[in-house]
Amino acid sequence: MTDLAQDMNKLSVNGDARNGASATQNGAPANGGANGSADQPQKRQYVPPHLRNRPQGQARSDFGGSGSNGRGSSSGRGFAFGGSGSYGGGRRGGGYGSASRAPNPRSGQGRWVDGKHEPSPRNERIELELFGSAEESGSSTSGINFDNYDDIPVEASGDDVPDAITSFTAPPLDELMVENITLSRFTKPTPVQKYSVPIVAKGRDLMACAQTGSGKTGGFLFPVLSECFKNGPLPVPDTAGPFSYNKVYPTVLIMAPTRELVSQIFEEAKKFCYRSWVRPAVAYGGVDIGQQMRTLQRGCDLLVAAPGRLTDMLERNRVSLANVKYLILDEADRMLDMGFEPQIRHIVQECDMPDVQDRQTLMFSATFPRNIQMLARDFLKEYIFLSVGRVGSTSANITQKVLLVEDDEKRSVILDLLSAADLGLTIVFTETKRMADYLADFLYDQGFPATAIHGNRTQYEREKALAAFKNGTAPILVATAVAARGLDIPNVQHVINYDLPTDIDDYVHRIGRTGRAGNVGIATSFFNRNNKIIVKDMISLLTEASQEVPDFLIKISRESSYGGRGGGRGGRSGGFGGRSGATRDFRRGGGGFGGSSGFGGGFGGGSSYGGSNDFGSARSSGYSSNYGNQNQSTSWW
DNA sequence: AAAAAAT
């Protein structure tokens, strides 16, 4: 309860009425004065997850419309947390109560009886809830331009790589899975799916270098759930011990770095578990753990979890991994960057999870640095290595623009950008949480419906911000790195790097929030001499992507060539042109990599990827002196 | 240097 009180308190202090009030605001941009009335708590409104992305009562992306009015009724209180909870799919009309998570026969929940799968009958209402209506196809999950996937290069290596599939058929997929895929309006497999489906069906382990936009989530959900549908659950082990009645034994464990990503995967999993015996569940921090654990007890065959919360539940003995047949690590490099390696190793190696040989393990990672290679060596067996080209970023999907903007000009330039045209959903990235808050407030005061997402906001605020962004209530999302990777938000048209990151990989991930799934997007970056650190990488990236390279970039890169990173990251050799980071199967000529000297030079990105987290120090040494330019510009943030 | 994640 105190949590809730804190949340609410924070909300009002924060003036987060901007989400709800934006619609009324927008009619009169530049009218900062109208803001005063927005601070009434009643303005806060929350769209329950099962109603999100629905056109009813709310004109999508028409943020000048009557958005905030249409969503009446919900008082927006009781479900502040449990927020995650309500993802189970509301049963009752306005049902955001925690009970809505319980699977029951009328919730599209099938059964496994006497060694046979008994899918539940179809249910129109649930299908509408999970998959949306046919009319709005193209707005939520689809909108995918499947044709553009055909160009994506894929390279599979390893022993006995199975042939790729070319369509979703049973076999190798389960009949029910094919039906669910159809309901989701996925018409044909993306490149990563073409390989992952037969690989998993053959019982093989997989190490895949791929981005979220590549259809990665389906890449593991389709085949893994398919196998589950065919094979059924394992019995609770004899070793369960006392108190095992409130313990859950998931068959599938999926881990991902951020709460939003976990939540997003869970949403997908719900679709593909439809009518089957597999009950999906989710575990992540920021919400009440007691409630979350009770939810788990109502069914947890597939668990999507953030490492921290899962560790917590394991310590409380509420989750057993003894029945895990499928382990999936998503965004593995990101998780390691965030320091999760000890926890992940603990979960995988020191709890009761079956040994490598007795489970199937799939790892997904954007890059393949040494620490990921080590993890792959320890977690995977005779795996197949899959390297999937990027769906954008280096192709023509994303138009990349770089503007020379000094720090104190940024505010004015972003206003120009935002007022220029009818922008669709726009994500603005900043480097710091403070700046994200500041900028969101600033934009909001200037009449732009903006909201912010970063790690200092409560989970409730984060979810609300994301929802408001997705449904167009707040079509401008100011974000920190929390939203840089993995999040799959359809229809983002513009990414603005208000502050450029210091790492070119972050840049690639950020701009990858637009131009997704084969669609086009724009990325605009504010560059000045404070961003010298990535100037060389920027130039090579833009060049590879056949984008315009502004003269000032060349000029500044020459200026810095005396000291800086001499040659930057050189190479970028990892396979497909423009891929960031090394993504090559390293298991060649000599197997073991413990002492192999080949790494540093072998991969283009070897230098920065070689060690786990040590690049920070390596870089900061050469650059700290370059920051002489911050003459009290801090006064406004 | 910042960000993320269990409390």
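Keep in mind it's a predicted model, so treat the numbers as computed, not measured. In what follows, every chain begins at residue 1, and chains take the letters A, B, ... in the order their sequences are listed.
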Asks: In a check of side-chain contact (heavy atoms from CB on, under 4.5 Å) between V428(A) and each of L439(A), V495(A), T524(A), which one passes?
Replies: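 Testing each of L439(A), V495(A), T524(A) against V428(A), the sole residue satisfying side-chain contact (heavy atoms from CB on, under 4.5 Å) is L439(A).
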Asks: Measure from the side chain of M338(A), starting at C-beta and using heavy atoms only, and say which of dA1(B), dA4(B), dA6(B) lies closest.
Replies: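 Nearest to the side-chain atoms of M338(A), counting from C-beta on, is dA4(B).
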Asks: By nearest atom, which of the nucleotides dA2(B), dT7(B), dA4(B) is closest to the K433(A) side chain?
Replies: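 Between dA2(B), dT7(B), dA4(B), the one nearest the side chain of K433(A) would be dA4(B).
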Asks: Any idea which of dA3(B), dA1(B), dA6(B) is nearest the T432(A) side chain?
Replies: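 For T432(A), the side-chain atoms sit closest to dA3(B).
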Asks: Distance check needed: dT7(B) P versus Q343(A) CD, whole Å only.
Replies: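 Rounded to the whole Å, the gap is 11 Å.
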Asks: Just to verify, which of I289(A), V282(A), V262(A) counts as forming a side-chain contact (heavy atoms from CB on, under 4.5 Å) with R309(A)?
Replies: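 Considering I289(A), V282(A), V262(A), a side-chain contact (heavy atoms from CB on, under 4.5 Å) with R309(A) is found only for I289(A).
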Asks: To the nearest Å, give me how far apart CG (D437(A)) and C1' (dA3(B)) are.
Replies: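 The distance from CG of D437(A) to C1' of dA3(B) comes to 14 Å, rounded to the nearest Å.
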Asks: Looking only at side-chain N and O atoms, does R309(A) come under 4.0 Å of OP1 or OP2 in dT7(B)?
Replies: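 R309(A) to dT7(B) OP1/OP2: side-chain N or O found under 4.0 Å.
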Asks: Any base atoms under 4.0 Å from R462(A), or only sugar-phosphate, or nothing? Heavy atoms, all strands.
Replies: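 Contact class for R462(A): sugar-phosphate only.
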Asks: Take the protein atom CD of E260(A) and the nucleotide atom P of dA3(B), then report the distance between them rounded to whole Å.
Replies: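 Distance check: E260(A) CD to dA3(B) P gives 15 Å.
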Asks: Rounded to the nearest Å, what distance is computed from the CD atom of residue Q459(A) to the C1' atom of nucleotide dA3(B)?
Replies: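 So the CD-C1' distance, Q459(A) to dA3(B), works out to 15 Å.
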Asks: Looking only at side-chain N and O atoms, does R334(A) come under 4.0 Å of OP1 or OP2 in dA3(B)?
Replies: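 For dA3(B), OP1/OP2 do not have a side-chain N/O of R334(A) under 4.0 Å.
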Asks: Quick one: D337(A) CG to dA5(B) P, roughly how many Å, whole number?
Replies: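 Rounded to the whole Å, the gap is 14 Å.
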Asks: Given atom CD of E331(A) and atom C1' of dA4(B), what is their separation to the nearest angstrom?
Replies: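 Taking CD of E331(A) and C1' of dA4(B), I get 13 Å after rounding.
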Asks: Can you name the ring pair (Phe, Tyr, Trp, His ring centres under 6.0 Å) partners of F220(A), sequence neighbours left out?
Replies: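 F220(A) satisfies ring pair (Phe, Tyr, Trp, His ring centres under 6.0 Å) with F364(A) once adjacent residues are dropped.
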Asks: Taking only the side-chain heavy atoms of E431(A) (C-beta and beyond), determine which of dA4(B), dA5(B), dA1(B) contains the nearest atom.
Replies: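 So the nucleotide nearest the side chain must be dA1(B).
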Asks: In whole angstroms, how far is the P atom of dA5(B) from the CE atom of M255(A)?
Replies: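 Rounded to whole Å, this separation is 15 Å.
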Asks: Under the rule for ring pair (Phe, Tyr, Trp, His ring centres under 6.0 Å), what residues qualify as partners of F526(A), not counting sequence neighbours?
Replies: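 F526(A): ring pair (Phe, Tyr, Trp, His ring centres under 6.0 Å) contacts with Y498(A).
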Asks: Quick one: do R434(A) and Y438(A) satisfy side chain to side chain contact (heavy atoms under 4.5 Å, CB included)? Show the steps, please.
Replies: CA-CA 6 Å; R434(A) 277 178 78 186; Y438(A) 168 83; over 6 Å; no
Asks: How many whole angstroms separate atom CD of Q291(A) from atom C1' of dA6(B)?
Replies: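 Roughly 17 Å, once rounded to whole Å.
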Asks: When only distance counts, do a donor and an acceptor, one from the side chain of T502(A) and one from the base of dA2(B), lie under 3.5 Å apart?
Replies: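 In this structure, the two groups form no donor-acceptor pair.
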